[in-house]
Amino acid sequence: MIQVIAFDLDDTLWAVRPVIINAEKRLDEWLQQEVPRLNYDVSSMRELRHELLEEEPDLVNKITEFRRSLIERAMLLSQIDANEATDLSNQAMAVFLTARNDVEFYEGAIDAISMLADKFILGALTNGNADISRLGLDSYFSFAFSAEEVGASKPADNLFKRALAHTGTEPRQMIYVGDNPVLDIDAANRVGLHTVWVQHPGQENTGETSADENIDHIRHLPQAIDRMLARFNADHAGE
Ligand SMILES: [Mg+2]
């Protein structure tokens, strides 16, 4: 029987693009104000990504530390001394992360989550750096893991395996809900989870597998879960 529903966050519970655009804008404003000596802005800093990754390839799975290191490197290249660069890059990341968690949930998302929280253990599995407690989701979600914590981003199975171990469940007892056909649906299907694809308008299935349920909006999730449960019950009738 289904016990756990795990969620992707970005583009499943809110649109992530406007959030990142705003967070980068806040970061640029803060850097201009507080570190006028810096010869880079968020956009020109991107040119340093490649060399930073060459030196520290692990950063590819550490989205927060990657961005902080990028800011630190831009500061070092602007002749800011090492201690100050570490300190200022941490302050800059705090500004970014505050804005990163200022999201606008899709309409009906919280109602759907609140409804499902009565019957299931809920949790979040994200490649990003949203924080469920800052988002007010911790009253519904009993776990949240990020790629940065588990050492690998989806489509790797680390996040799914961590959720299964944490909840003490088998793959068939967990439903995973996400928007990305490859990173979410194919990846969770490979682990043997049940899946719900939140398909945005015009989005093609670029994956190799299909989800158990497709929905065109997160507010339709409770009905999709009901349909899945009805099918499982029918399949196991008489056992
Ligand atoms: Mg997503």
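Whatever order the structure lists ligands and atoms in, that order sets their numbers, starting from 1. Values below: every heavy atom of this structure, side chains too, minus hydrogens, waters and symmetry copies. Worth saying up front: this structure is predicted, and the values here are computed from it rather than measured.
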Indicate the ring-plane relationship of Tyr176 and Phe160, choosing parallel, tilted or perpendicular according to the 30° and 60° boundaries. perpendicular

Ring-plane angle category for Trp14 and Phe105, please: parallel below 30°, perpendicular beyond 60°, tilted otherwise. perpendicular

Considering only N, O or S atoms of Asp8, the one closest to the Mg ion (ligand 1): OD2

Fit a plane to each ring of Phe145 and His166, take the angle between them on a 0 to 90° scale, and name the class: parallel (under 30°), tilted (30 to 60°) or perpendicular (over 60°). perpendicular

Checking one value in my table: which N/O/S atom of Asp179 lies closest to the Mg ion (ligand 1)? OD1

Candidates Asp184, Asp179, Asp10 - the one meeting salt bridge (charged side-chain N to carboxylate O under 4.0 Å, His left out) with Lys154: Asp184

The N/O/S atom of Asp10 lying closest to the Mg ion (ligand 1) is O

